[in-house]
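Note that the structure is a prediction, hence the values are computed from the model and not measured. Each chain gets a letter, A, B and so on, in the order its sequence line appears, and its residues count up from 1.
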Number of protein chains: 2
Amino acid sequence: MSGHNDSTMHANQNENDLHAIVQTSETLANVFAALGDPTRLKLIAVLCAGGAFSIAQLTANTEISRQGVTKHLQVLADAGVVRDVKLGRERLWQLEPGQIEEAKRTLEMIGRQWDVALTKLKAFAESA
Amino acid sequence: MSGHNDSTMHANQNENDLHAIVQTSETLANVFAALGDPTRLKLIAVLCAGGAFSIAQLTANTEISRQGVTKHLQVLADAGVVRDVKLGRERLWQLEPGQIEEAKRTLEMIGRQWDVALTKLKAFAESA
DNA sequence: GATTAATGCAACTTTTTGGTTGCATTTAAT
DNA sequence: ATTAAATGCAACCAAAAAGTTGCATTAATC
């Protein structure tokens with residue numbers, strides 16, 4: 001036998017994609033790290049409302065200082081998850097969902113790869 | 001008018017769900033934080049292959065010490081992303097994809113909420 | 001022009017993280 | 001019984017993160 005039917009090739013492709021992304025993408029871990037803080041997750045949940053919010057507005061929902069919030073927003077911005085626009089004396093922040101989409105796709109890929117692996121293991125067990 | 005058609009209610013439900021999850025889930029930020037490191041992402045990519053791997057095996061793919069890898073595995077375990085089984089003098093690690101699925105669903109929710117918000121803004125702009 | 005609101009910038013402290021080394025322990029193999 | 005392999009455990013270190021305070025700056029408003 002060839003050892004490679006169609007579904008096997010797709011499975012290997014998926015596995016290679018996943019490893020390639022994880023190995024090469026400098027920013028992916030950064031995105032996850034940016035999401036890995038309760039304060040920043042709350043900020044994102046607020047920004048999901050779609051508008052552009054000032055630092056003062058965003059600080060109102062937190063327990064920490066305005067400068068602390070600014071630092072968190074900067075972390076999110078460095079990860080490409082939010083962006084800011086200047087308007088008068090205000091600095092408005094809004095969501096930039098591209099990187100979050102990318103992170104979501106990676107998690108989907110992990111889930112798919114896991115499913116593929118389970119299927120393989122099951123097939124192996126049944127062949128024994 | 002009522003101000004609440006069917007799609008608006010679904011949108012609000014989604015928004016409330018998102019805020020509830022972000023506010024209450026202590027572990028969600030932990031999961032993202034666990035994913036937010038290149039070494040740990042690579043470990044996960046390896047574990048996606050489906051098997052159970054020893055610490056020594058997992059160390060082979062990295063640049064850091066065995067004890068360093070153990071620490072990373074412990075972080076992943078604390079986040080519920082991997083689990084270990086003892087087998088003889090080895091300690092085998094495998095993926096536990098439940099929390100990753102949960103994280104993925106959160107990112108999906110963020111994306112949906114964002115889309116809903118854009119639709120609302122568009123409708124508002126057209127009504128003006 | 002003086003005031004005030006919103007923010008920027010910088011120094012500083014504390015805690016966490018990522019990593020190491022050294023040695024002890026457990027278990028398999030000879 | 002000895003030896004070797006795989007791991008556990010603890011101390012330690014450096015760098016980064018999370019947060020603060022104080023003061024400077026910018027830009028509306030009266």
Test log, rule side chain to side chain contact (heavy atoms under 4.5 Å, CB included), inputs B:N30 and B:D78: CA-CA 8 Å; B:N30 250 316; B:D78 288 344; over 6 Å; no
What nitrogen or oxygen pairs link the protein and nucleotides 26-30 of chain C at under 3.5 Å?
unit_1: C:dT27; atom_1: O2; unit_2: B:R89; atom_2: NH1; d: 3.4

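The main-chain N or O of B:S54 is found under 3.5 Å from a side-chain atom of B:Q57 such that the two form a donor-acceptor pair. With A:R83 contributing its side chain and A:E96 its backbone, the two residues share no donor-acceptor pair below 3.5 Å.
One finds a side-chain N or O of B:R91 lying less than 4.0 angstrom from the OP1 or OP2 phosphate oxygen of D:dG8.
For the atom pair CD1 of A:I110 and CD of B:E101, the computed distance is 10.0 Å after rounding to the nearest 0.5 Å. For the atom pair CG (B:L43) and CG (B:L95), the distance works out to 11.0 Å, reported to the nearest 0.5 Å.
Partner of B:L35 under the side chain to side chain contact (heavy atoms under 4.5 Å, CB included) criterion, out of A:L35, A:L28, A:L107: A:L107 alone.
Residues from residues 30-41 of chain A with heavy atoms under 4.0 angstrom of DNA chain D, sorted by number: A:D37, A:R40. Listed by residue number, the members of residues 53-75 of chain B with any heavy atom below 4.0 angstrom from DNA chain D are B:S54, B:I55, B:A56, B:R66, B:Q67.
Looking at A:F53 and A:W93, their side chains never come closer than 4.5 Å, going by heavy atoms from C-beta outward. Between B:I100 and B:K104 there is no side-chain heavy-atom pair separated by less than 4.5 Å.
A salt bridge links A:R105 to A:E102: one of the charged nitrogens lies within less than 4.0 Å of a carboxylate oxygen.
For the residue pair A:L18 and B:C48, the shortest heavy atom distance occurs at CD2-SG, 3.8 Å.
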